[in-house]
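Quick caveat: nothing in here was measured; it's all calculated off a predicted structure.
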Amino acid sequence: DKLELLQDSFAVLTSQLTERDRVSIVTYASGEEVVLEGASGADAREIQRAIDKLRAHGATNGEAGLKMAYEVAERNYIESGVNRIVMASDGDLNVGITSESDLYDFVDSKRGTGIYLSVVGFGRGNYKDNKMETLADHGNGNYHYIDCLDEAKRVFGTKLLANLTPFADDVKVQV
């Protein structure tokens, strides 16, 4: 049910995109793969087809997925735009870098690229909230946990601009 919720959640996000947006999708289960690269946000149908084809299987190599995501984001960088990776995960990064301190170091080394990292958590039971929050904090992004479609509509619908448009760099507020 995590994957179905993710797909429904990203359908909400896709419906908010315009021709000014670019979307790439990188998967990182049992190997990393670029599923979609640089698609126009106006092509919601193509983006949604790619999202609907996603399948969950194998190990979770967050390190390799993030490395590839940063490479793809750098290739598709929009000058004077908001360049952001939105990582979706249950937080169970069990291959590659798995410790919080190593994740911090990796993401921290990418801060100067002008690419923000936001993390969206899905899942229950083995969910690793601490790792996901560490990634978002040190990637100059934000962190959200989505447990139902109503929360997805709030994060990717009514609060989209507030959640994805940076208003300052290197500011951390936690309540």
Side-chain angles (χ1 to χ4, degrees), residues 1-3 5-10 12-13 23-35 51 54 56-77 81-148 150-156 159-175:
D1 63 339
K2 290 183 280 189
L3 181 59
L5 179 58
L6 178 142
Q7 290 166 321
D8 292 344
S9 298
F10 280 121
V12 174
L13 174 59
V23 174
S24 300
I25 299 173
V26 174
T27 61
Y28 53 99
S30 293
E32 55 286 342
E33 177 186 0
V34 178
V35 174
I51 292 168
L54 297 176
H57 63 280
T60 306
N61 191 339
E63 172 191 13
L66 278 170
K67 283 181 180 177
M68 183 170 283
Y70 274 103
E71 290 169 11
V72 170
E74 288 168 7
R75 284 196 303 267
N76 291 278
Y77 192 86
V82 176
N83 295 277
R84 180 177 304 276
I85 295 168
V86 179
M87 179 183 189
S89 178
D90 63 3
D92 192 15
L93 309 179
N94 52 23
V95 177
I97 296 175
T98 58
S99 78
E100 279 184 67
S101 63
D102 290 342
L103 288 167
Y104 165 88
D105 292 342
F106 173 74
V107 173
D108 199 52
S109 73
K110 297 295 187 179
R111 284 180 116 152
T113 63
I115 299 168
Y116 297 86
L117 174 65
S118 290
V119 180
V120 182
F122 294 87
R124 295 186 180 102
N126 70 336
Y127 185 69
K128 308 288 193 247
D129 188 57
N130 53 336
K131 288 183 182 180
M132 299 296 90
E133 193 168 350
T134 295
L135 287 170
D137 284 350
H138 298 288
N140 276 341
N142 48 33
Y143 167 74
H144 296 281
Y145 175 74
I146 296 179
D147 60 352
C148 65
D150 285 340
E151 182 65 10
K153 289 176 182 175
R154 188 181 72 74
V155 171
F156 291 134
K159 303 276 186 185
L160 180 65
L161 286 178
N163 287 327
L164 297 183
T165 305
F167 61 91
D169 286 328
D170 291 327
V171 176
K172 304 290 182 267
V173 177
Q174 188 168 8
V175 179

Here the gap from Phe106 atom CZ to Leu135 atom CG, rounded to the nearest 0.5 Å, amounts to 9.5 Å
Residues Asn76 and Val72: closest non-hydrogen pair is ND2-O, 2.9 Å
Scanning both residues in full, the closest heavy-atom pair of Glu74 with Lys110 reads OE2-NZ, 4.2 Å
All heavy atoms of Leu5 vs all of Asp147, minimum pair found to be CD2-C, 3.6 Å
### Message
Tell me whether Gln7 contacts the main-chain N or O of Ile51 through its side chain, where contact means a donor paired with an acceptor under 3.5 Å.
### Response
yes
Check your understanding: Just wondering, do Leu117 and Tyr70 contact through their side chains at under 4.5 Å, heavy atoms?
Key -> yes
Value for OG (Ser118) from NE2 (His144), rounded to nearest 0.5 Å, stands at 6.5 Å
For Ala73 and Ile115, the nearest pair of non-hydrogen atoms, with its separation, is CB-CD1, 3.6 Å
One should read off an interatomic distance between Ser89 OG and Leu6 CG, to the nearest 0.5 angstrom, of 9.5 Å
*Should the pair Phe122 and Phe10 be assigned to parallel (<30°), tilted (30 to 60°) or perpendicular (>60°) ring geometry?*
tilted
The reported gap from NE2 in His138 to OG in Ser109 (rounded to nearest 0.5 angstrom) is 12.5 Å
To the nearest 0.5 Å, atom NZ of Lys67 lies from atom OH of Tyr28 at 15.0 Å
Sorted by chain and residue number, the salt bridge (charged side-chain N to carboxylate O under 4.0 Å, His left out) partners of Glu71 (sequence neighbours excluded) come out as none
When every non-hydrogen atom of Ser9 is compared with those of Phe156, the smallest separation belongs to O-CD1, 3.4 Å
All heavy atoms of Val26 vs all of Gly65, minimum pair found to be CG1-O, 4.0 Å
Residues passing the salt bridge (charged side-chain N to carboxylate O under 4.0 Å, His left out) test with Asp108, sequence neighbours excluded, are Arg111
Here the gap from Met132 atom CE to Met87 atom CE, rounded to the nearest 0.5 Å, amounts to 4.5 Å
